[in-house]
Amino acid sequence: MLNLTPRYISTRIDELPAALQPLAAQSFTLARLYAGRGIVQPDELETQLSGLLPAERLKGIIEAVNLLDVAIDEGQRILIVGDFDCDGATSTALMMRALTAMGAKVDFLVPDRFKYGYGLTPEIVELGIETYQPQMIVTVDNGISSHEGVARAQADGITVIITDHHLTTKETPPAEAVVNPNQLDCNFTSKALVGVGVAFYVLGRLAKLRREVGKSTVQVSQYLDLVALGTIADVGVLDKNNRILVHHGLNAIRQGRCSLGILALLEQAGRDPKKLQAQDFGFVLGPRINAAGRMDNMRIGIECLLADDWQTAQRLAQELEQLNRIRRQVEGEMREQADSIVQALATAATDIDDNANADESADMIIQHKTEKQVVNNHDRSIVLYQDDWHQGVIGIVAGRLKESHYLPSIVFAPADTKRTGDDDAIKGSARSIAGVHIRDAIEQVAERHPDLISHFGGHAMAAGLTLKRGNFDGFVTALSDVLAQMDDEVFAEQKFTDGPLQAGDFSLWLAEHLADASIWGHGFAPPIFDGVFEVLNFKILKDKHLKLSLRYPDVQYPIEAIQFNFDSSAWDYRAEKVHILFELDINEWNGKQSLQLMVKDLAVITEV
């Protein structure tokens, strides 16, 4: 049997929160889902824009809005400085669209990750001055740590407004205004806004101010398609506030009231906008936008989102599609290399453990070096580096390693592949597991060893850092020391379930209803169930997908199920029963719909 953790254990209506009991009379399954996600009042599920938290609670927003208002009225040259991921792209596009509609003179600049790195650096400020001669700089999705960049801009008399969402424990830069729900002393109760969400709040408050005094303004809510895309693609926690933003952005796209660039990208992916789901932002649209920043320059992605005619939108979407194909190829090669290295190290570790004369401790760091690669692997983390790896995809590879090994993973690549000496910079992208706040762990390393890390920043689950290649081993040792202080339970993966379904729940109606019952995703997990089924039939498709026909008690028809990327060597061809963890899905084929279980984990039940 699978080892699963129930999200909610009560099985009776009268055990549910009182406010959910009327809903349970209609759908007990849905009421249990909400209860398992901490919902105790129906108003926590409301989707009206009026349910959003007030903008005035964001520290610094009034100062930012007043400065932008004056800049528009005086015709000041405003420069938006963005970031090279999907959140940064949508933030930049949102600022460009809304400020232009209000009458502002505005341009944008996004650092090329391969030349300038992340954030409002002095070099980016100088490039901005040389190219656009701005009187005001507004950052989106970056800037909270950019003390030097702010100083460089102010030295030329440029007003700086920072809008960001990244975590910080340091004093904020002395910009003229700083808006970030995660800055010190900000009382905005949702800390889950991503960069585009912060930009939306600033622009919405600005539009309201200008509307109240009869100035040129715009309805900023018409751009919620961009907010929804950036929020999901940046893996923002789906608290009530973010669920409202994504709900309205998703509906706008389904109705065609959105950026032509988004529609063109969906066309490239062969997706029907009317059937778009929230997860498609992360798996379909996000990677195509991100491909621009990973493989070339994010300007292509932003211009796609800003396109106002279909022909331009299609052309740019095709460019992004091609970049995404290249990205997939490079990523695939790096993933194969990373997997083989980790496997080799695991084998080496086993050999050492089997050697009775070995002096190494059980939690030793295994180091493997050649001219082209430096690798450190530890029982609580995976950290990899190679001289020829592409920094544009290290975050994706780190994420895959984290998923497959359930360990915090950091993948490094050289800042410049032509410079790989000990004093040259390497850039790392980290992805973490629940319980390991990776940005804070990196900060602990920086505090204990001030000379190891040049720059770092990020969130609980993802972070970035830069260090000298020669400091790599020292960093891994220091990180291992930090992680060694954590409880063992943190590194044991928990798989959650919403429990078994009743026979009547195996229906197209419930599958459709669940899909639209909420915005599901990070922090508001999609419904997932488990149960024991009788195996009627099975097939291995393309040597890697397991197709099952199953029977469930009191269900009068076979239930189809599929598990993608299944290790066929793990299948017992004599299996009569299976315990599966699954999501309800709808399979469409030749215009017909049928219920399908998407298997996430499986255990063959052996009869005793």
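One is the number of the first residue; the rest follow in order along the sequence. Here the structure is a predicted model, which means the values were calculated and not measured.
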Validation row: [X], [Y] side chains within 4.5 angstrom (heavy atoms):
X: V383; Y: F472; answer: yes
X: I262; Y: L305; answer: yes
X: H390; Y: E333; answer: no
X: L265; Y: E321; answer: no
X: K544; Y: F566; answer: no
X: I528; Y: K600; answer: yes
X: I586; Y: S594; answer: no
X: L245; Y: L193; answer: yes

Ionic contact status for [Y] with [X], cut-off 4.0 Å:
X: D498; Y: R37; answer: yes
X: K468; Y: D422; answer: no
X: D280; Y: R271; answer: yes
X: D339; Y: R400; answer: no
X: D572; Y: R574; answer: yes
X: R254; Y: D225; answer: no
X: K275; Y: E588; answer: yes

For residues [X] and [Y], report the shortest heavy-atom separation together with the two atoms involved.
X: G282; Y: P287; result: O-CD, 3.2 Å
X: T92; Y: G82; result: OG1-CA, 3.5 Å
X: V535; Y: A575; result: CB-O, 3.8 Å
X: A430; Y: I438; result: CB-CG1, 3.7 Å
X: S409; Y: A398; result: CB-O, 3.5 Å
X: V246; Y: A278; result: CG1-CB, 4.4 Å

Just checking [X]: does its [atom1] atom have more than 12 heavy atoms from other residues, nucleotides or ligands closer to it than 6.0 angstrom?
X: H437; atom1: NE2; answer: yes
X: N565; atom1: CG; answer: yes
X: R448; atom1: CZ; answer: yes

Do the side-chain N and O atoms of [X] and [Y] include a donor-acceptor pair separated by under 3.5 angstrom?
X: T5; Y: R7; answer: no
X: H165; Y: D141; answer: yes
X: Q337; Y: W389; answer: yes

Heavy-atom donor-acceptor pair, [X] side chain to [Y] backbone, under 3.5 Å:
X: R243; Y: L238; answer: yes
X: S91; Y: V140; answer: no
X: W520; Y: L514; answer: yes
X: D234; Y: G236; answer: no
X: D239; Y: N242; answer: yes
X: T90; Y: D87; answer: yes
X: H449; Y: L452; answer: no
X: N142; Y: V81; answer: yes
X: D424; Y: G421; answer: yes
X: D164; Y: I144; answer: yes

Point to revise | Residue that, paired with Q314, satisfies side-chain hydrogen bond (donor to acceptor under 3.5 Å, both in side chains) out of E319, Q268, E267 | key: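 Passing option: E267.
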Can you tell me how far apart [atom1] ([X]) and [atom2] ([Y]) are? Round to the nearest 0.5 Å.
X: F412; Y: L384; atom1: CZ; atom2: CG; value: 10.0 Å
X: I433; Y: R380; atom1: CD1; atom2: CZ; value: 9.5 Å
X: R327; Y: Q322; atom1: CZ; atom2: CD; value: 12.5 Å
X: H579; Y: L2; atom1: NE2; atom2: CG; value: 5.0 Å
X: L548; Y: L602; atom1: CG; atom2: CG; value: 6.5 Å
X: L401; Y: I341; atom1: CG; atom2: CD1; value: 9.5 Å

If the condition is side chain to side chain contact (heavy atoms under 4.5 Å, CB included), which residues does A291 pass it with, not counting sequence neighbours?
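Per chain and number, A291 pairs via side chain to side chain contact (heavy atoms under 4.5 Å, CB included) with L323, N324.
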Can you name the residues that form a side chain to side chain contact (heavy atoms under 4.5 Å, CB included) with I540, not counting sequence neighbours?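 By the side chain to side chain contact (heavy atoms under 4.5 Å, CB included) rule, I540 matches L546, S568, Y573.
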query: Parallel, tilted or perpendicular for F529 and F582, by the 30°/60° rule?
result: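 Ring orientation, 0 to 90° scale: tilted.
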**Asked** For the residue pair H459 and H166, does the interplanar ring angle fall in the parallel (under 30°), tilted (30 to 60°) or perpendicular (over 60°) class?
**Response**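 Parallel.
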Practice problem: Mind running side-chain contact (heavy atoms from CB on, under 4.5 Å) on I410 and S429 for me, showing each step along the way? | Solution: CA-CA 5 Å; I410 309 179; S429 190; over 6 Å; no
Working note: S549 + N537, criterion side-chain hydrogen bond (donor to acceptor under 3.5 Å, both in side chains); need CA distance, chi angles, decisive distance, verdict. CA-CA 5 Å; S549 182; N537 200 354; over 6 Å; no
**Message:** Checking S146 against T121 for the side-chain contact (heavy atoms from CB on, under 4.5 Å) test, could you report, in this order, the C-alpha distance in whole Å, the side-chain angles of both residues, the deciding distance, and whether it holds?
**Reply:** CA-CA 6 Å; S146 300; T121 61; over 6 Å; no
| task | Go through the steps for D387 and R469 under the test side-chain contact (heavy atoms from CB on, under 4.5 Å), then give the verdict. | result | CA-CA 10 Å; D387 283 345; R469 187 184 188 275; 3.0 Å; yes
Inset, instruction - Quick one: list whatever passes ring-ring contact (aromatic ring centres under 6.0 Å, His included) with Y406, sequence neighbours left out. - result: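 Residues passing ring-ring contact (aromatic ring centres under 6.0 Å, His included) with Y406: none at all.
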_Stepwise side-chain contact (heavy atoms from CB on, under 4.5 Å) check, L581 with F496_ = CA-CA 9 Å; L581 183 67; F496 290 91; over 6 Å; no
